[in-house]
Q: 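There's a structure below that I have some questions on.
Values reported hereafter were calculated over all heavy atoms of this structure, with side chains retained and with hydrogens, waters and symmetry mates removed. Since the structure is predicted, the reported quantities are computational estimates derived from the model, not experimental observations.
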Amino acid sequence: MNSRVSATPAVLAGLALILFPLLGLAAKLVYPGWMLVIAIWFGWLLLPGYIIQIVVAANGLLRANGVLRRARGAWRTITAAWVTSVGILGVGLFLIDGGDDGRSESAMTVLLGVTDSPEAKDLSMILALIFGFLWLAGWAYLVIEWIVQLVLARNARRAGKAA
């Protein structure tokens with residue numbers, strides 16, 4: 001049984017999968033520090049995950065006949081796409097970063113003007129950890145669901161040809 005979703009939620013989730021990681025990186029540029037330098041040095045380790053995310057978005061959500069748009073439980077995959085997208089954006093906004101000057105801030109503490117508040121920094125780091133978990137959990141669920149739906153679609157095509 002298929003439960004197709006309309007184009008708008010699927011396309012928006014697909015675009016979020018592609019654009020929100022870039023927005024998260026842009027948010028990190030508000031207060032750059034050593035974490036950003038490390039992310040640049042080791043970004044090649046994250047690049048395959050981002051490429052997979054783009055393929056999932058293009059193949060599963062942005063195409064009119066995308067495998068995730070017509071799957072049973074399509075809303076779960078759209079939710080997972082939003083969870084991982086908001087998660088990476090949240091990490092970019094809330095991750096504390098610092099430089100050689102001894103100061104450490106996040107985009108949130110800088111934008112809200114609470115740079116001298118240790119409580120705001122603690123809250124920011126807790127939120128970064130929560131968003132980091134959501135990012136990784138949503139990404140893992142999304143990729144697993146995409147693979148499962150590809151296998152099911154292939155099996156359905158084979159069964160249709162055999163009949």
Q: Roughly how far, to the nearest 0.5 Å, is the CH2 atom of W135 from the CD1 atom of I130?
A: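 Output value for this atom pair is 16.0 Å.
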Q: Establish whether I38 and L29 are linked, either directly or via other cluster members, by ILVMFWY side-chain heavy-atom contacts under 4.5 Å.
A: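 Shared cluster, no.
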Q: If you define the side chain from C-beta out and look only at heavy atoms, does anything of L23 sit under 4.5 Å from I88?
A: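 Side chain of L23 against side chain of I88, heavy atoms only: no contact under 4.5 Å found.
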Q: Can you confirm whether the side chains of W146 and N59 place a donor and an acceptor under 3.5 Å from each other?
A: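 Side-chain D/A pair, W146 to N59: present.
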Q: Which heavy atom of A107 sits nearest a heavy atom of A27, and at what distance?
A: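 Here A107 and A27 meet closest at CB-O, 3.3 Å.
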Q: Is there a continuous path of hydrophobic side-chain contacts, each under 4.5 Å between heavy atoms, that joins V91 to V30?
A: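 No, separate clusters.
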Q: Is the backbone of R76 close enough, under 3.5 Å, to the side chain of Y141 for a donor and an acceptor to pair up by distance?
A: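 Judged by distance alone, no pair lies under 3.5 Å.
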Q: Transitively linked via ILVMFWY side-chain contacts under 4.5 Å: L46 with W41?
A: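 In one cluster with L46: W41, no.
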Q: Grouping I, L, V, M, F, W and Y whenever their side-chain heavy atoms are under 4.5 Å apart, do L25 and L47 come out in a common cluster?
A: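 No, because L25 and L47 fall into different hydrophobic clusters, even though each may have its own neighbours under 4.5 Å.
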Q: Quick one: are W139 and I52 in side-chain contact, heavy atoms under 4.5 Å?
A: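 SC-SC contact between W139 and I52 confirmed.
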Q: Before giving the answer on side-chain contact (heavy atoms from CB on, under 4.5 Å), spell out for I18 and Y50 the whole-Å C-alpha distance, their side-chain angles and the decisive distance to 0.1 Å.
A: CA-CA 8 Å; I18 295 169; Y50 181 57; 4.0 Å; yes
Q: Examine distances only and state if a side-chain atom of R69 and a backbone atom of R63 form a donor-acceptor pair shorter than 3.5 Å.
A: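 Side chain of R69 to backbone of R63, a donor-acceptor pair under 3.5 Å: yes, one is there.
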Q: Just by modelled atom types, is the A74 backbone N or O under 3.5 Å from a matching donor or acceptor in the T77 side chain?
A: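 Such a contact is found between T77 side chain and A74 backbone.
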Q: Which residue, I147, L150, L152, forms the side-chain contact (heavy atoms from CB on, under 4.5 Å) with V67?
A: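 Of I147, L150, L152, side-chain contact (heavy atoms from CB on, under 4.5 Å) with V67 is met by L150 alone.
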Q: Taking S106's backbone N and O only, do any of them form a donor-acceptor pair with S124's side chain (distance below 3.5 Å, no angle check)?
A: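 Judged by distance alone, no pair lies under 3.5 Å.
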Q: Consider side-chain contact (heavy atoms from CB on, under 4.5 Å). Of L61, V55, I54, which one does L17 pass it with?
A: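 Going through L61, V55, I54 one by one, the side-chain contact (heavy atoms from CB on, under 4.5 Å) with L17 is satisfied by L61 alone.
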Q: According to a 4.5 Å side-chain heavy-atom criterion applied to Ile, Leu, Val, Met, Phe, Trp and Tyr, with indirect links allowed, do L136 and V143 form part of one hydrophobic cluster?
A: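 Per the 4.5 Å side-chain linkage, L136 and V143 are co-clustered.
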Q: Calculate, to the nearest 0.5 Å, the distance between atoms CG and CG belonging to L62 and L15 respectively.
A: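 It is 5.5 Å, given to the nearest 0.5 Å.
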Q: Counting the benzene-type ring for Trp, do F20 and W82 have ring centres under 6.0 Å apart?
A: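 For F20 and W82, the ring centres are under 6.0 Å apart.
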Q: Going from CD1 on I96 to CE on M35, what distance comes out if it is rounded to the nearest 0.5 angstrom?
A: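 Going from the CD1 atom of I96 to the CE atom of M35 covers 10.5 Å.
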Q: Atom CG in L95, atom CE in M125: separation rounded to 0.5 Å?
A: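 If we round to the nearest 0.5 Å, L95:CG and M125:CE are 5.0 Å apart.
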Q: Which atoms form the tightest heavy-atom contact between A120 and V114, and what is the distance?
A: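 Heavy atoms of A120 and V114 come nearest at CB-CG2, 3.6 Å.
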Q: Please report the interatomic distance CG(L134) to OG(S85), rounded to the nearest 0.5 Å.
A: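 With rounding to 0.5 Å, CG (L134) is 11.5 Å from OG (S85).
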Q: At their closest point, which heavy atom of Y31 faces which heavy atom of D97, and how far apart are they?
A: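 That closest heavy-atom pairing would be CE2-O, 3.4 Å.
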Q: Taking all non-hydrogen atoms of both residues, which atom of R70 and which atom of A153 are closest, and how far apart?
A: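 In this case the closest contact between R70 and A153 is NH2-CB, 4.1 Å.
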Q: Could you work out, with salt bridge (charged side-chain N to carboxylate O under 4.0 Å, His left out) as the rule, every residue matching R103, not counting sequence neighbours?
A: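 E105.
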Q: Any side-chain to backbone donor/acceptor pair from K121 onto S104? Under 3.5 Å, distance only.
A: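 Indeed, once roles are kept as given, a pair shorter than 3.5 Å links the two residues.
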Q: Look up atom CG in L93 and atom CG in L111, then write down how far apart they are to the nearest 0.5 Å.
A: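 Answer rounded to 0.5 Å: 7.5 Å.
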